[in-house]
Amino acid sequence: MPELPEVETVRRGLHRLIIGRVVKAADSDNPKSFPNAKHDVEAFLIGATVSNVRRRAKVLMIDLSTDYTLVIHLKMTGQLVFVGEQRFGAGHPNDSLINHLPDKSTRVSLTFTDDTKLFFNDQRKFGWMRLMPTVEVPNIDFMKKVGPEPLEADFTPSEFAARFKRRAGTSIKAALLDQSVVAGVGNIYADESLWGAKIHPKRLVRDIKPREFALLYTDLRAVMNLAIDKGGSSNQTYINAEGEKGRYMDFARVFRREGQECPRCGTVIIKFKAAGRGTHICPHCQKL
DNA sequence: CACTTGACCTGTCCGC
DNA sequence: TGCGGACAGGTCAAGT
């Protein structure tokens, strides 16, 4: 699923819903989804109070009163869904998304002392949840190499352009997807921002002009901020912490719009493979 | 080092 | 209706 805007949407929901709740039980059916030793879970998760919910790149961190943290990566199909005091009534839009939980994709279930629950669902099992000391989180390999947060106020256009230097020989799309260049960009917002900046995804980084980097910086931030505002993109499986879909796909300009007209010039949008991923462009606006 | 490709999984959709 | 293959919001460990 989830790129920065989707993970941020989940974070905001969890921040509102689970802080202060106390963990009573933790169950998992899949060691790869939750590879923690039982004695650690019993010592540092059971009985712990949720103190904060943070995000770095596409990684979520649920901080606990025990100075341990649940670190979570949703990868392609992960969901974190809170089921509260009352479930939705039959006929409610979220009814079918939440009321059946847990289901066959549930990898981890947390139960709080008030009997509310947090489910980690993940159809493809790529995602994971790990319990570790809070001070150790910055030392995991991913955190050490991940690039800056693109939406931070102090992230400048010149820093953005400079981060690409190391990837001069690859395509701009591959570089955008590289989490060590800039944090949080995935396939949807790579395509959307490259369309905004009128850059063909297969162009080499070394051939991108400073003026084009400036446009890409501006559009990437605009697209991600809009996506957060719309609650993310629900292309297939993504839902937020309350089981709701995001609405950014209603605003998408090229992603998954092959065969439809470019909203800027009317040329038919095409799809092909770039950087190993399905890629969408306007062939008139984005020339190689 | 920098770059590309396959692997990790399950489910769905599309063409025959 | 069945079956094979391609494909799906992401990283990694390998290979060159």
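Order of the sequence lines fixes the chain letters, A, B, ..., with proteins taken first and strands second; residue numbering starts at 1 for each chain.
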How does protein contact run along nucleotides 5-12 of chain B, one letter per nucleotide 5' to 3', with B for base contact, S for sugar-phosphate only, - for none, heavy atoms under 4.0 Å? ---BBBS-

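Scanning DNA chain B for stems, defined as runs of 3 or more consecutive Watson-Crick or G-U wobble pairs whose donor-acceptor distances all fall under 3.5 Å, gives the following ranges: B:2-8 with C:10-16, B:10-16 with C:2-8.
Checking A:Thr111, A:Thr113, A:Asp115 one by one against A:Lys24, the side-chain hydrogen bond (donor to acceptor under 3.5 Å, both in side chains) holds for a single residue, A:Asp115.
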Could you pull out the protein-nucleic contacts involving nucleotides 2-4 of chain B (nitrogen or oxygen on both sides, under 3.5 Å)?
from  : atom 1 : to       : atom 2 : distance (Å)
B:dC3 : OP1    : A:Gly169 : N      : 2.6
B:dC3 : OP1    : A:Thr170 : N      : 3.4
B:dC3 : OP2    : A:Arg166 : O      : 3.4
B:dC3 : OP2    : A:Arg167 : NE     : 2.7
B:dT4 : OP2    : A:Thr170 : OG1    : 2.8

Distances for protein N/O vs nucleotides 11-15 of chain C N/O pairs under 3.5 angstrom?
from   : atom 1 : to       : atom 2 : distance (Å)
C:dT11 : OP1    : A:His73  : NE2    : 2.9
C:dT11 : OP2    : A:Lys58  : NZ     : 2.3
C:dT11 : OP2    : A:Gln179 : NE2    : 3.3

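Side-chain atoms of A:Glu136 never come within 3.5 Å of backbone atoms of A:Tyr68 as a donor-acceptor pair (strictly under, hydrogens ignored). Using a distance-only test at 3.5 Å, with no hydrogens or angles considered, no donor-acceptor pair links the side chain of A:Arg107 to the main chain of A:Pro31. A donor-acceptor pair under 3.5 Å links the side-chain atoms of A:Arg11 to the main chain of A:Val53, judged by distance alone. Checking side-chain atoms of A:Glu3 against main-chain N and O of A:Gly186 turns up a donor-acceptor pair under 3.5 Å.
In terms of phosphate contacts, A:Lys271 brings a side-chain nitrogen or oxygen within less than 4.0 Å of OP1 or OP2 of C:dA8.
Taking the ring axis of A:Trp195 as reference, the NZ or CZ atom of A:Arg264 stays within 45° of it and closer than 6.0 Å to the ring centre.
Under a 4.0 Å N-O distance rule, the pair A:Glu159/A:Arg163 does not qualify as a salt bridge. Salt-bridge formation is not detected for the pair A:Lys245/A:Glu6: no Lys NZ or Arg NE/NH1/NH2 atom is positioned less than 4.0 Å from an Asp or Glu carboxylate oxygen. Remark: A:Asp250 does not engage A:Lys230 in a salt bridge, criterion side-chain N to carboxylate O under 4.0 Å. In summary, A:Asp191 and A:Arg253 do not engage in a salt bridge, as defined by a charged side-chain N under 4.0 Å from a carboxylate O. Here A:Glu212 does not pair with A:Lys198 in a salt bridge; the nearest charged N to carboxylate O distance is not below 4.0 Å. Between A:Lys75 and A:Asp122, none of the side-chain N atoms (NZ, or NE/NH1/NH2) sits under 4.0 Å from a carboxylate O, so this pair counts as no salt bridge.
A:Phe255 comes within 4.0 angstrom of the backbone, heavy atoms only, and of no base. Within 4.0 Å (heavy atoms only), A:Gly278 reaches sugar-phosphate atoms of the nucleic acid but no base atom. Using a 4.0 Å heavy-atom distance criterion, A:Asn187 is classed as a sugar-phosphate-only contact.
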Go through it in stages, so that I can follow the logic: the residues are A:Tyr189 and A:Tyr248, the test is ring pair (Phe, Tyr, Trp, His ring centres under 6.0 Å), and I'd like the CA-CA distance, side-chain angles, deciding distance and then a yes or no. CA-CA 10 Å; A:Tyr189 304 109; A:Tyr248 178 81; 5.4 Å; yes

Passes side-chain contact (heavy atoms from CB on, under 4.5 Å), A:Val50 versus A:Asp63? Steps please. CA-CA 6 Å; A:Val50 175; A:Asp63 292 327; over 6 Å; no

Stepwise side-chain contact (heavy atoms from CB on, under 4.5 Å) check, A:Arg55 with A:Val10: CA-CA 9 Å; A:Arg55 178 191 62 75; A:Val10 172; over 6 Å; no

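Clustering of Ile, Leu, Val, Met, Phe, Trp and Tyr by side-chain heavy atoms under 4.5 Å joins A:Ile270 with A:Phe272, A:Ile281.
Between A:Leu60 atom CG and C:dG10 atom C1' there is a gap of 14 Å when expressed in whole angstrom units. Whole-Å rounding puts the A:Lys173 NZ to C:dG10 C1' distance at 13 Å. Rounded to whole Å, atom P of C:dG10 lies 9 Å from atom CD of A:Glu6.
If you check residues 219-229 of chain A against DNA chain B, you find no residue with a heavy atom closer than 4.0 Å.
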